[in-house]
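Here is the structure we will look at.
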Amino acid sequence: MSRSLSSGRWNILSKFPNNFSFCFAYGSGVKKQLGYADGNSAKKPMIDLVFCVNDSFEWHRNNMQINSSHYSAVRMLGSSAVAKIQTQFGARVYCNTLITLDDGSTIKYGVVTTNDLTSDLIDWTHLYLAGRLHKPIEVLYPPEPDIQNAIATNFRNALHVSLCLLPERFTYFDLFYTIANLSYAGDFRMIFGENKDKVRNIVAPQLSDFRDLYVPILTGHSRYLNLPTNESGQLVQDKSETTTLYHLQHLPKTLHKEIFRRMATDERSFEHLSKDPNLPRIVQKSVNQIVWNSSVSQSLKNIPTAGLSKSIRYSWKKVLKTVGL
């Protein structure tokens with residue numbers, strides 16, 4: 001059910017203010033996932049877009065002039081208030097959902113500032129858009145250099161965390177499943193509203209795309225990791241305390257804080273943590289907590305910004321998708 005936007009991306013982008021620093025599409029609307037009908041089906045999934053902008057006030061001001069119908073009643077407060085809601089609450093993303101375009105396709109789009117996006121990518125302040133950018137996406141407008149560097153850091157963050165969670169031997173599927181699961185395991189919507197096989201359905205048909213993203217990074221860590229000679233073989237990592245310490249030292253800042261917050265001992269050092277047999281559990285629960293916090297706060301924020309009617313419709317679509325309807 002993958003739909004390439006390459007041919008129609010300028011048609012979509014032309015409907016929005018052009019002062020953005022990065023734009024990408026993600027999710028089942030553009031990347032193949034198991035559980036969806038073929039591309040001839042009339043029930044095509046919604047396309048998810050993210051616009052990264054340098055000035056959210058200016059972008060919303062322009063967008064509200066062009067696309068005022070995209071906004072809920074919150075638009076009556078003005079673009080300054082919309083920008084403040086975006087940058088001061090939730091995961092620092094402002095979402096408009098269930099937007100029907102001229103060609104009949106339906107989109108949801110989020111708006112984030114360049115500073116907030118790069119902070120999430122580098123430090124995992126919310127692990128919200130950072131989680132989406134752990135996985136294959138379709139780039140509609142290429143990122144500026146600072147954002148591109150932050151995206152590369154985000155990939156490395158995901159790898160270091162996943163290697164802390166994985167055993168000595170694992171497959172490519174195990175690795176990419178672990179990476180993709182980072183932003184889902186703690187999401188409260190996985191309790192109700194998302195397919196419990198969501199992560200597997202993402203990774204299985206996109207293994208080649210995941211390899212394109214991560215094999216160059218894996219190759220750069222050959223000192224700590226042996227790659228298989230074929231795609232179905234096993235990767236073997238060094239699980240010594242020295243290497244574990246190396247991975248811990250390279251975890252994102254927000255995750256460091258969460259790990260040390262939940263440790264049962266006052267010995268808050270990487271050296272101590274690298275020897276802790278409960279390390280994978282501590283790291284996983286810490287990641288989950290970051291995701292839980294952002295998913296709850298952003299979902300609550302999306303109710304007034306999307307509008308109650310659209311929020312109910314959007315949630316109901318999620319429920320129907322979960323039960324296969």
Side-chain angles (χ1 to χ4, degrees), residues 20-27 30-31 48-56 59 86-95 109-165 175-176 178-187 199 202 206 209-210 212-218 220-221 247-259 283 286-295 297-298 301:
F20 44 80
S21 53
F22 179 36
C23 181
F24 67 94
Y26 67 93
V30 293
K31 291 297 180 180
D48 295 280
L49 303 173
V50 172
F51 292 97
C52 181
V53 304
N54 291 324
D55 186 336
S56 56
W59 197 90
Q86 175 192 312
T87 58
Q88 295 181 13
F89 301 98
R92 308 306 188 257
V93 182
Y94 191 99
C95 294
Y109 63 92
V111 185
V112 64
T113 66
T114 301
N115 287 340
D116 285 333
L117 177 62
T118 54
S119 177
D120 197 31
L121 292 169
I122 294 171
D123 297 328
W124 285 12
T125 48
H126 304 287
L127 193 45
Y128 191 77
L129 293 180
R132 284 146 181 77
L133 286 164
H134 287 159
K135 298 176 279 289
I137 60 168
E138 180 150 354
V139 175
L140 302 188
Y141 185 86
E144 294 178 347
D146 286 351
I147 302 174
Q148 185 60 59
N149 290 336
I151 291 172
T153 298
N154 187 45
F155 286 143
R156 292 192 295 270
N157 286 343
L159 179 60
H160 287 302
V161 173
S162 296
L163 291 177
C164 288
L165 299 175
L175 173 61
F176 301 144
T178 302
I179 289 173
N181 193 51
L182 291 173
S183 58
Y184 283 111
D187 193 329
V199 179
I202 290 172
Q206 297 183 49
D209 291 337
F210 272 97
D212 290 343
L213 291 177
Y214 285 98
V215 166
I217 304 172
L218 293 168
H221 287 76
H247 292 312
L248 290 173
Q249 290 172 331
H250 287 82
L251 299 186
K253 182 171 65 176
T254 305
L255 183 54
H256 278 160
K257 292 180 180 178
E258 185 59 37
I259 287 172
V283 172
S286 299
V287 171
N288 292 357
Q289 188 62 55
I290 297 172
V291 175
W292 175 271
N293 292 343
S294 65
S295 66
S297 61
Q298 184 65 35
K301 171 181 171 177

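In what follows, residues are counted from 1 in the order of the sequence shown.
- For the side-chain contact (heavy atoms from CB on, under 4.5 Å) test, residues two or more places apart in sequence or in another chain that qualify with Asp55 are Phe57, Glu58.
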Could you check Arg156 against Ile217 for side chain to side chain contact (heavy atoms under 4.5 Å, CB included), going step by step and ending with a plain yes or no?
CA-CA 7 Å; Arg156 292 192 295 270; Ile217 304 172; 4.1 Å; yes
Check against side chain to side chain contact (heavy atoms under 4.5 Å, CB included), Ile179 and Tyr214:
CA-CA 10 Å; Ile179 289 173; Tyr214 285 98; 3.4 Å; yes
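- One finds the NZ atom of Lys31 at 13.5 Å from the CG atom of Asp48 (value rounded to the nearest 0.5 Å).
- Remark: Thr118 OG1 to Asn115 CG distance equals 5.5 Å, nearest 0.5 Å.
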Could you go step by step and tell me if Thr113 and Ser56 meet the side chain to side chain donor-acceptor pair (under 3.5 Å) rule?
CA-CA 6 Å; Thr113 66; Ser56 56; over 6 Å; no
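- Side-chain polar atoms of Asp123 and Thr254 form no donor-acceptor pair below 3.5 angstrom.
- Here the shortest heavy-atom pairing between Tyr184 and Ala180 reads CD1-O, 3.3 Å.
- Judged by distance alone, with hydrogens and angles left aside, the side-chain atoms of Ser21 form a donor-acceptor pair with the main-chain N or O of Cys52 at under 3.5 Å.
- When every heavy atom of Ala91 is checked against every heavy atom of Ser297, the shortest pair comes out as N-OG, 4.4 Å.
- You'll find the ring centres of Phe51 and Trp59 inside the 6.0 Å limit.
- Side-chain N or O atoms of Gln298 include none that pairs as donor or acceptor with a backbone N or O of Gly90 at under 3.5 Å.
- For the atom pair OG1 of Thr125 and NZ of Lys257, the computed distance is 10.0 Å after rounding to the nearest 0.5 Å.
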Given side chain to side chain contact (heavy atoms under 4.5 Å, CB included), test Val53 with Thr114 step by step and report yes or no.
CA-CA 6 Å; Val53 304; Thr114 301; 5.9 Å; no
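- Side-chain atoms of Asn157 come within 3.5 Å of backbone N or O of Leu121 as a donor-acceptor pair.
- For the atom pair CG of Leu117 and CG of Asn154, the computed distance is 9.0 Å after rounding to the nearest 0.5 Å.
- Within the 3.5 Å criterion, the main-chain N or O of Leu127 finds a donor-acceptor partner in the side chain of Asp120.
- Among residues two or more places apart in sequence or in another chain, the side-chain hydrogen bond (donor to acceptor under 3.5 Å, both in side chains) test is passed with Gln206 by none.
- For Ile137, the side-chain contact (heavy atoms from CB on, under 4.5 Å) test picks out Phe22, Phe24, Tyr26, Leu133, Val139, with sequence neighbours left out.
- Every residue was checked against the salt bridge (Lys or Arg N to Asp or Glu O under 4.0 Å) condition with Asp116, not counting sequence neighbours, and none meets it.
- The ring pair (Phe, Tyr, Trp, His ring centres under 6.0 Å) test applied to His221 returns His160, not counting sequence neighbours.
- Every side-chain contact (heavy atoms from CB on, under 4.5 Å) that Thr178 has, sequence neighbours left out, goes to Ser162, Leu165, Leu166.
- The shortest side-chain heavy-atom distance between Leu248 and Leu251 falls under the 4.5 Å cut-off.
- Under the side-chain contact (heavy atoms from CB on, under 4.5 Å) criterion, Leu213 pairs with Pro136, Phe155, sequence neighbours left out.
- Contacts of Lys135 classified as side-chain hydrogen bond (donor to acceptor under 3.5 Å, both in side chains), with partners at least two apart in sequence or in another chain: Ser183.
- With hydrogens and angles ignored, the 3.5 Å screen pairs no side-chain donor or acceptor of Lys301 with any backbone N or O of Cys95.
- The shortest distance between side-chain heavy atoms of Val93 and Val111 does not fall below 4.5 Å.
- Residues passing the side-chain hydrogen bond (donor to acceptor under 3.5 Å, both in side chains) test with Asp209, sequence neighbours excluded: none.
- In this structure, SG in Cys23 is found 5.5 Å from CG in Leu49, a value given to the nearest 0.5 Å.
- When the side-chain hydrogen bond (donor to acceptor under 3.5 Å, both in side chains) test is applied to Asn181, no partner is found at least two apart in sequence or on another chain.
- Residue pairs meeting the ring-ring contact (aromatic ring centres under 6.0 Å, His included) criterion with at least one member in residues 112-131, sequence neighbours excluded, are Trp124-His134.
- Rounded to the nearest 0.5 angstrom, Leu159 CG and Leu175 CG are separated by 6.5 Å.
- In this view, Phe210 and Phe176 satisfy the ring pair (Phe, Tyr, Trp, His ring centres under 6.0 Å) rule, not counting sequence neighbours.
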